[in-house]
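Here is how names work: the chains are called A, B, and so on, in the same order as the sequence lines, proteins then strands, and each is numbered from 1.
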2 protein chains.
Amino acid sequence: MVTIADVARHAGVSSSTVSYVLSGKRAISAETKRRVESSVQELGYHPNAGARALAARRSHIVALMVPLRTDVYVPVMMEIAIAVTTAARQHGYDVLLITNDEGPAGVRRIGASGLADGLILMDVELDDQRIPVLQSRGIQAALIGLPDDPGGLSCVDHDFAEAGALCADHLADLGHREVAFIGYGTGVYTRHAGYAERTLTGFGERAEQRGLRFVHRPCDGTYESTAGTLARILADRPETTGFVVQNEGAIGPLLTLLRSSGRIVPEDASVIALCQAQLAEQFAPRLTSVTGSAQELGRVAVEQIMRRITAAGAGERPVDERVLLTPELTVRASTGPAPRTGSQN
Amino acid sequence: MVTIADVARHAGVSSSTVSYVLSGKRAISAETKRRVESSVQELGYHPNAGARALAARRSHIVALMVPLRTDVYVPVMMEIAIAVTTAARQHGYDVLLITNDEGPAGVRRIGASGLADGLILMDVELDDQRIPVLQSRGIQAALIGLPDDPGGLSCVDHDFAEAGALCADHLADLGHREVAFIGYGTGVYTRHAGYAERTLTGFGERAEQRGLRFVHRPCDGTYESTAGTLARILADRPETTGFVVQNEGAIGPLLTLLRSSGRIVPEDASVIALCQAQLAEQFAPRLTSVTGSAQELGRVAVEQIMRRITAAGAGERPVDERVLLTPELTVRASTGPAPRTGSQN
DNA sequence: TCGAAGTGTCGAAGCGCTTAAACAGATGTC
DNA sequence: GACATCTGTTTAAGCGCTTCGACACTTCGA
């Protein structure tokens with residue numbers, strides 16, 4: 001194992017000089033710097049993480065707490081996790097993966113052990129139990145998801161209300177009058193996931209403003225569930241010509257079911273999906289979608305936590321930022337003008 | 001911050017005694033143990049991770065290297081990552097997430113810095129560049145995926161050859177004579193991903209033994225690609241009645257396309273998917289599938305790396321294990337007896 | 001009864017790094 | 001020419017933990 005002392009000896013300087021070259025915290029002459037750097041290269045030196053964390057009281061690790069639950073679309077989680085990891089590396093940080101099932105105790109563990117300098121929490125609920133722990137222990141954190149009361153923490157999320165509103169606007173612009181919102185399973189609403197509630201609210205308000213009649217139906221994304229949901233919608237409101245789907249799992253079944261009910265997309269029915277572009281393009285016809293960047297979400301969370309860690313390290317009070325990312329509507333082949341005549345069952 | 005000295009003072013013992021109570025490495029009287037443990041509870045003590053790593057030369061962290069590439073089905077990656085994290089916690093370990101794009105340099109970094117006690121590598125290629133680094137530096141590792149030459153490292157993987165063979169057997173048992181294997185995109189084959197090659201070989205050999213005529217067609221999983229692939233298969237071999245799909249993205253399109261070509265599944269065509277049970281059950285009809293447990297993969301990898309870390313810590317030479325998990329065929333509604341008459345275009 | 005062996009606890013060294021303080025030498029100021 | 005100032009480097013004191021060796025005391029066998 002190569003230590004800082006080995007590098008110092010090799011370069012003919014003291015180990016503190018090596019440390020200062022590496023951290024840049026003191027002025028070092030160009031010549032010394034060069035010698036040290038080439039010794040580092042030559043010996044393949046990497047500072048011992050434990051020793052560094054102990055001495056500097058900073059681990060250069062951020063913890064990322066991911067949900068175990070699967071009612072969130074998994075590829076999006078993964079995309080965020082990867083974006084966080086990549087962004088963190090650019091700050092010289094590594095990412096520790098911990099799961100939601102550790103709950104508030106996990107947050108306490110990470111904070112008290114100094115394993116991580118900060119936490120990024122995913123899938124934050126409106127009234128999240130982990131937040132008070134964070135606050136009382138003074139653990140630096142960035143939340144992906146917007147709780148009711150972020151109280152001093154930084155948060156970033158998609159602007160789901162805007163996403164919902166974009167869907168309503170697009171359908172209204174195309175002349176639809178009766179639309180249906182196919183949401184997540186009821187469980188997602190009862191546990192108060194912000195994204196589900198906010199999308200629905202944003203959609204509902206804009207729909208009302210635009211004079212759209214609409215129904216909201218929860219749907220857990222299986223084929224059967226989607227079939228039941230669609231059947232109910234068409235029975236209650238046979239004039240429905242616009243569909244907004246938020247549950248990714250329901251998209252495929254919905255398209256199949258519309259087709260087998262004799263409805264052509266987009267001539268007879270328009271479909272907007274709230275999902276990743278990649279997924280929207282996988283269907284036939286390609287789906288008009290409203291999409292936010294999962295990567296951006298991860299990247300912003302990392303920037304936020306880095307600023308907080310830096311501030312806290314300098315003895316300043318970290319500022320609590322609140323960022324909402326604007327989603328985009330991409331028109332593809334699944335939406336079109338509302339049919340002139342009534343229903344066509 | 002509460003330290004071991006605080007606990008010692010509170011319990012009226014020396015800090016080394018506290019350490020021994022926590023690690024169990026020396027005999028401690030029942031009474032002392034009780035006192036220490038209740039002090040730990042009361043003060044909410046968590047050992048400082050950096051200090052512990054430095055003194056014990058063990059970080060209690062394993063690194064998990066995940067691919068950035070997206071041609072592997074993402075939910076499976078995530079499932080493995082979660083299983084690894086959960087299993088590691090049961091050994092008192094945490095998981096550091098690093099991405100494949102750091103490559104061999106990343107492996108070196110983790111090894112040299114002592115950040116992690118061991119590495120779990122996902123998506124290991126047949127001739128993986130990271131393996132020689134692991135070997136030369138003596139870094140403990142468990143591979144998920146079976147390379148050509150694991151040389152001293154532990155590996156675990158699904159028995160993909162067996163998975164392929166199960167598909168061939170099932171179709172042969174049902175009386176099919178002409179079958180098609182819809183694989184991953186060509187890129188997966190050219191970079192020698194073991195899972196793709198081994199499944200195909202296992203399928204091909206068993207198909208030959210059972211007197212099946214078969215074609216293999218790569219497919220990158222988009223709707224267009226699947227349409228092209230299916231069209232070619234039906235043009236070349238109109239008598240084809242059995243389909244094996246490995247690319248998860250191609251499943252939905254394939255079903256839609258078969259239906260629109262007038263083929264009813266399973267009456268006119270049988271479809272077997274090589275995918276998670278959860279996914280197979282999401283389609284209509286529910287798909288007969290061959291599935292291996294992603295969770296088990298992660299769990300076994302953790303067990304392997306833990307055994308290696310323990311052995312290396314005790315100065316022993318770790319044994320290189322090689323485990324293949326047997327996949328299971330689950331018959332659902334997408335496979336049935338081969339149609340009696342010829343094709344039905 | 002004595003030495004050997006076993007049990008339970010403590011003291012202190014040291015893991016590899018950071019950083020405050022000290023210091024040596026060059027440079028500038030009046 | 002004496003002093004302050006700046007630049008670049010070193011010395012040394014920890015950071016909080018583990019673990020080796022020492023030690024006090026008990027138990028056992030001869």
Measure from CZ on A:Arg58 to P on C:dG16 and round the result to the nearest Å. 23 Å
According to salt bridge (charged side-chain N to carboxylate O under 4.0 Å, His left out), does anything in residues 106-119 of chain A pair up with another residue at least two apart or in another chain? List the pairs. A:Glu102-A:Arg109, A:Arg109-B:Asp94
Take the C1' atoms of the five end pairs on each side of the helix from C:dT1-D:dA30 to C:dC30-D:dG1, derive the two axes, and give their angle rounded to 10 degrees. 40°
Rounded to the nearest angstrom, tell me the gap between atom CZ in B:Arg34 and atom P in C:dT9. 13 Å
Starting at CZ of A:Arg52 and ending at P of C:dT19, how long is that distance when rounded to a whole Å? 10 Å
From A:Leu143 atom CG to A:Glu125 atom CD, the distance as rounded to the nearest 0.5 Å: 12.0 Å
Expressed as a whole number of angstroms, how long is the span from B:Leu115:CG to C:dC17:P? 13 Å
Scan nucleotides 13-15 of chain D against the protein and return all N/O pairs shorter than 3.5 Å with their distances rounded to 0.1 Å.
{"residue": "D:dC15", "atom": "O3'", "partner": "A:Arg57", "partner atom": "NH2", "Å": "2.9"}
{"residue": "D:dC15", "atom": "O2", "partner": "A:Ala55", "partner atom": "N", "Å": "3.4"}

Is A:Ser16 near enough to C:dT18 that one of its side-chain N or O atoms lies under 4.0 angstrom from OP1 or OP2? no
So does A:Cys155 get a backbone contact from the side chain of A:Gln304, meaning a donor-acceptor N/O pair under 3.5 Å? yes
According to the salt bridge (charged side-chain N to carboxylate O under 4.0 Å, His left out) rule, which pairs have a member within residues 39-52 of chain A, sequence neighbours left out? none
Expected output is a numbered-order residue list: members of residues 3-15 of chain B with a heavy atom under 4.0 Å from any atom of DNA chain C. What is it? B:Val13, B:Ser14
Got a donor-acceptor pair under 3.5 Å from the side chain of B:Tyr20 to the base of D:dC20? yes
Evaluate A:Arg299 against A:Glu296 for salt bridge (Lys or Arg N to Asp or Glu O under 4.0 Å), listing each step before the verdict. CA-CA 5 Å; A:Arg299 221 177 300 141; A:Glu296 189 64 13; 2.6 Å; yes
List, one per line, each side-chain donor-acceptor pair under 3.5 Å for residues 75-86 of chain B, sequence neighbours excluded.
{"residue": "B:Thr85", "atom": "OG1", "partner": "B:Ala81", "partner atom": "O", "Å": "2.7"}
{"residue": "B:Thr86", "atom": "OG1", "partner": "B:Ile82", "partner atom": "O", "Å": "2.8"}

Sequence neighbours excluded, every pair satisfying salt bridge (charged side-chain N to carboxylate O under 4.0 Å, His left out) that has a member inside residues 143-155 of chain A: none
For residues 11-20 of chain A, which residue pairs pass the salt bridge (charged side-chain N to carboxylate O under 4.0 Å, His left out) check, not counting sequence neighbours? none
Using a cutoff of under 3.5 Å, can you pull out all pairs of nitrogen or oxygen atoms linking the protein to nucleotides 6-8 of chain C, with atom names and distances?
none

side-chain contact (heavy atoms from CB on, under 4.5 Å) partners for A:Asp127, two or more places apart: A:Gln129
N or O in side chain of A:Lys25 less than 4.0 angstrom from C:dT19 OP1/OP2: yes
At under 4.0 Å, does any side-chain N or O of A:Ser19 touch on OP1 or OP2 of C:dT18? yes
Under the side-chain contact (heavy atoms from CB on, under 4.5 Å) test, which residues partner B:Ser19, sequence neighbours left out? B:Ile4
To the nearest 0.5 Å, what is the distance between CD1 (B:Ile61) and CG (B:Leu119)? 12.0 Å
With rounding to the nearest 0.5 Å, note down the distance linking CD in A:Glu321 to OG in A:Ser154. 4.5 Å
Using whole Å, what does the distance between atom P of nucleotide C:dG16 and atom CG of A:Leu22 come to? 16 Å
Keeping the roles fixed (side chain from A:Ser136, backbone from A:Pro132), state whether a donor-acceptor pair exists under 3.5 Å. yes
Rounding to an integer number of Å, can you tell me how far A:Asn48 CG sits from C:dG14 C1'? 13 Å
So the ring-ring contact (aromatic ring centres under 6.0 Å, His included) pairs with at least one residue in residues 77-116 of chain B (sequence neighbours excluded) are B:His60-B:Tyr93
